[in-house]
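A quick write-up on the structure given underneath.
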Number of protein chains: 2
Amino acid sequence: MKRDLSTEEKIKAAAKKVFMTKGFDGCSVRDIAKEVGSNVALLNYYFRSKEKLFELIFEGAMSDFLQSIIEVFSSDLALKEKTSLLIDKEFDFFMEHPELPMFIIQAIQQNKNESSVAPTFFEPIEKTGIFQQLKEAQAKGEMRQMSLRNITILLMSNVHYPFMSKKLTQQFHGIDEATLQQDLFAHKAHVKEMLINYLFPQNQPA
Amino acid sequence: MKRDLSTEEKIKAAAKKVFMTKGFDGCSVRDIAKEVGSNVALLNYYFRSKEKLFELIFEGAMSDFLQSIIEVFSSDLALKEKTSLLIDKEFDFFMEHPELPMFIIQAIQQNKNESSVAPTFFEPIEKTGIFQQLKEAQAKGEMRQMSLRNITILLMSNVHYPFMSKKLTQQFHGIDEATLQQDLFAHKAHVKEMLINYLFPQNQPA
DNA sequence: ACTCTTTTTAAACAAATGTTTAAATAACTT
DNA sequence: AAGTTATTTAAACATTTGTTTAAAAAGAGT
């Protein structure tokens with residue numbers, strides 16, 4: 001057939017949309033089929049099952065996610081500048097894909113990911129040499145002495161959470177999408193200043 | 001009958017456990033019945049439906065959540081001390097109920113909460129006078145000039161996210177539960193120092 | 001035009017879902 | 001002990017679930 005443009009891609013796009021908004025358990029394959037404007041059997045014709053389709057979407061999401069990080073880490077900047085740039089880029093990225101952090105964390109929490117994320121996620125980042133750069137910066141006293149894991153938690157908390165809690169924040173403060181958007185911009189500025197100051201203290205002791 | 005101790009409570013406990021770990025969509029009423037060690041019909045006898053039961057659990061979770069905040073805000077301390085205490089208490093609370101942040105945010109995201117959270121959540125906090133205290137602290141220059149909403153986002157990000165991303169962090173760094181626990185303690189210390197320094201700058205400009 | 005393969009569909013499948021029914025069992029009242 | 005109510009159960013219910021089947025439709029090759 002080759003109807004118009006790859007049906008396979010259309011299904012993937014629809015599945016992504018539905019999975020992202022409703023979650024794996026929260027949607028049926030018929031929901032996705034309806035979004036495609038087609039039949040349920042077609043999904044299993046192209047992808048073997050609902051689970052396989054989800055895994056594909058999940059891996060794609062992780063890949064997109066990873067991409068935006070790698071770009072920054074691969075750049076030729078000092079760690080302080082990389083940190084600042086990372087926060088900027090991540091915010092820009094999540095502004096366009098606000099459902100992504102929730103989607104990923106939820107999928108991992110429910111073990112919907114067959115393989116561990118470590119090899120597909122940790123290693124590509126390590127290859128950018130960012131961890132080595134971090135070690136050196138700490139050795140030179142340019143950066144606060146704290147574990148890589150705690151740096152990660154600190155960064156991710158401030159960058160991911162605001163997008164995961166959009167609805168909660170809106171309901172809690174009774175604000176609309178546009179106002180929240182402004183708050184997110186303000187948050188980005190706060191996070192940048194706060195984190196940079198904390199991670200790279202200007203008057204380090206002794 | 002009054003078999004042993006309130007069947008109703010046993011069902012609620014089981015439902016809480018199952019809903020927390022698997023989510024509303026991720027579990028069936030039979031999962032809950034099995035956890036109780038009883039029949040499905042019993043759930044609908046005490047609670048009208050799966051949805052009603054969930055709402056009850058959700059409201060209970062929100063209430064517990066709120067309780068731990070109110071306590072701190074109602075205390076007779078300066079804002080700086082309250083902030084520090086809040087972070088401590090919240091961390092202690094989530095150490096014992098690590099699924100709670102995810103559960104609440106997920107429920108709100110999927111509109112599983114009938115009523116808006118604002119009245120049940122915002123107002124009790126406002127009644128502690130914390131917002132007024134905050135305004136005054138900012139007027140006196142003791143606290144950084146930033147919106148209540150951004151303060152909220154900043155605090156919640158650093159306190160909630162680490163518990164929501166437990167599995168992700170574990171997989172990413174390849175660490176066990178005990179190690180993560182230590183990281184969370186370290187994170188608490190970092191957050192306290194970082195946030196206090198940022199929210200209450202010692203050398204405020206002009 | 002005819003064949004062969006690929007794509008799409010409607011229908012059916014068994015299993016699982018939330019809920020209800022009616023009967024059984026236990027507890028309470030007198 | 002008998003009668004009444006409250007609790008618990010097994011079974012059935014109508015839908016919905018993910019998946020499969022077999023036929024129809026569309027494309028490509030000759």
Side-chain angles (χ1 to χ4, degrees), chain A residues 1-61 103 106-107 109-114, chain B residues 1-61 103 106-107 109-114:
Chain A
M1 261 192 186
K2 288 285 174 341
R3 288 232 165 261
D4 32 319
L5 267 170
S6 176
T7 328
E8 200 171 325
E9 290 304 318
K10 281 206 283 184
I11 295 176
K12 269 163 72 172
K16 185 174 179 179
K17 181 176 174 184
V18 176
F19 279 142
M20 287 271 185
T21 52
K22 303 212 212 179
F24 180 83
D25 292 323
C27 75
S28 69
V29 288
R30 282 169 181 81
D31 290 337
I32 300 173
K34 191 168 288 178
E35 180 75 27
V36 183
S38 176
N39 204 292
V40 249
L42 206 57
L43 307 194
N44 283 32
Y45 173 74
Y46 280 102
F47 315 90
R48 278 176 37 77
S49 67
K50 186 191 181 187
E51 283 217 336
K52 292 273 182 196
L53 179 54
F54 182 84
E55 276 170 25
L56 213 74
I57 302 300
F58 175 75
E59 280 161 24
F103 176 74
Q106 210 174 326
Q109 206 75 14
Q110 296 180 4
N111 274 322
K112 281 275 171 290
N113 54 319
E114 50 173 343
Chain B
M1 262 193 185
K2 288 286 174 342
R3 290 231 164 262
D4 32 319
L5 266 170
S6 177
T7 327
E8 200 170 325
E9 289 305 318
K10 281 205 284 185
I11 294 176
K12 269 164 72 171
K16 184 175 181 180
K17 181 175 173 184
V18 175
F19 279 143
M20 287 272 185
T21 52
K22 304 213 215 180
F24 180 83
D25 292 323
C27 76
S28 69
V29 288
R30 281 169 182 82
D31 290 338
I32 300 172
K34 192 168 288 177
E35 180 74 26
V36 183
S38 177
N39 203 292
V40 248
L42 206 58
L43 309 194
N44 283 31
Y45 173 74
Y46 281 102
F47 315 90
R48 278 176 38 76
S49 66
K50 187 190 181 187
E51 283 216 336
K52 292 272 182 198
L53 179 54
F54 182 85
E55 275 169 26
L56 212 75
I57 302 300
F58 175 75
E59 280 160 25
F103 176 74
Q106 211 174 324
Q109 206 76 14
Q110 295 180 5
N111 273 323
K112 281 275 172 290
N113 55 319
E114 48 174 344

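So you know, we letter chains A, B, ... as the sequences are listed, proteins then strands, and number each from 1. What you see is a predicted model; the values in this text were computed from it and never measured.
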Euclidean distance, A:Thr7 OG1 relative to A:Leu42 CG, rounded to 0.5 Å: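 These two atoms lie 6.5 Å from each other.
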Could you give the [atom1]-to-[atom2] distance, from [X] to [N], as a whole number of Å?
| X | N | atom1 | atom2 | answer |
| --- | --- | --- | --- | --- |
| A:Asp25 | C:dT17 | CG | P | 11 Å |
| B:Phe47 | D:dT7 | CZ | P | 12 Å |
| B:Leu43 | D:dT9 | CG | P | 11 Å |
| B:Leu42 | D:dA11 | CG | P | 17 Å |
| B:Ile32 | D:dT8 | CD1 | P | 17 Å |
| B:Lys34 | D:dT9 | NZ | P | 15 Å |
| B:Lys52 | C:dT19 | NZ | P | 11 Å |
| B:Asn44 | D:dA14 | CG | P | 17 Å |

First encountered from the 5' end of DNA chain C, between A:Arg30 and A:Ser38: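 Of the two residues, A:Ser38 wins.
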Nearest-nucleotide comparison on DNA chain C, the residue closer to the 5′ end among A:Tyr46 and A:Val40: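 Nearest-nucleotide comparison on DNA chain C picks A:Tyr46.
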Whether A:Phe19 and A:Phe54 hold their rings parallel, tilted or perpendicular, with breakpoints at 30° and 60°: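 Answer is perpendicular, since the angle exceeds 60°.
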Sugar-phosphate only, base, or nothing, as touched by A:Tyr45 at under 4.0 Å among non-hydrogen atoms: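 Base contact.
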Nearest-neighbour nucleotide for the B:Lys50 side chain, D:dT19, C:dT19, C:dT9 considered: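 Selected nucleotide: C:dT19.
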Selected nucleotide, minimal atom distance to B:Ala41 side chain, candidates C:dT20, C:dT17, D:dT19: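 Shortest atom-to-atom distance from the side chain points to C:dT20.
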Does [N] have OP1 or OP2 sitting under 4.0 Å from an N or O in the side chain of [X]?
| X | N | result |
| --- | --- | --- |
| B:Ser28 | C:dT17 | yes |
| B:Thr7 | D:dT7 | no |
| B:Asn39 | D:dT8 | no |

Flag side-chain contact, heavy atom, 4.5 Å: B:Lys12 against B:Phe47: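 Result yes, sub-4.5 Å side-chain heavy-atom pair found.
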B:Gln110 side chain reached by B:Asp25 side chain, heavy atoms, under 4.5 Å: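 Yes, at least one pair of side-chain atoms sits under 4.5 Å.
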Nearest heavy-atom neighbours spanning A:Ala14 and A:Ile32: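 Heavy atoms only, the tightest pair is CB-O, 4.1 Å.
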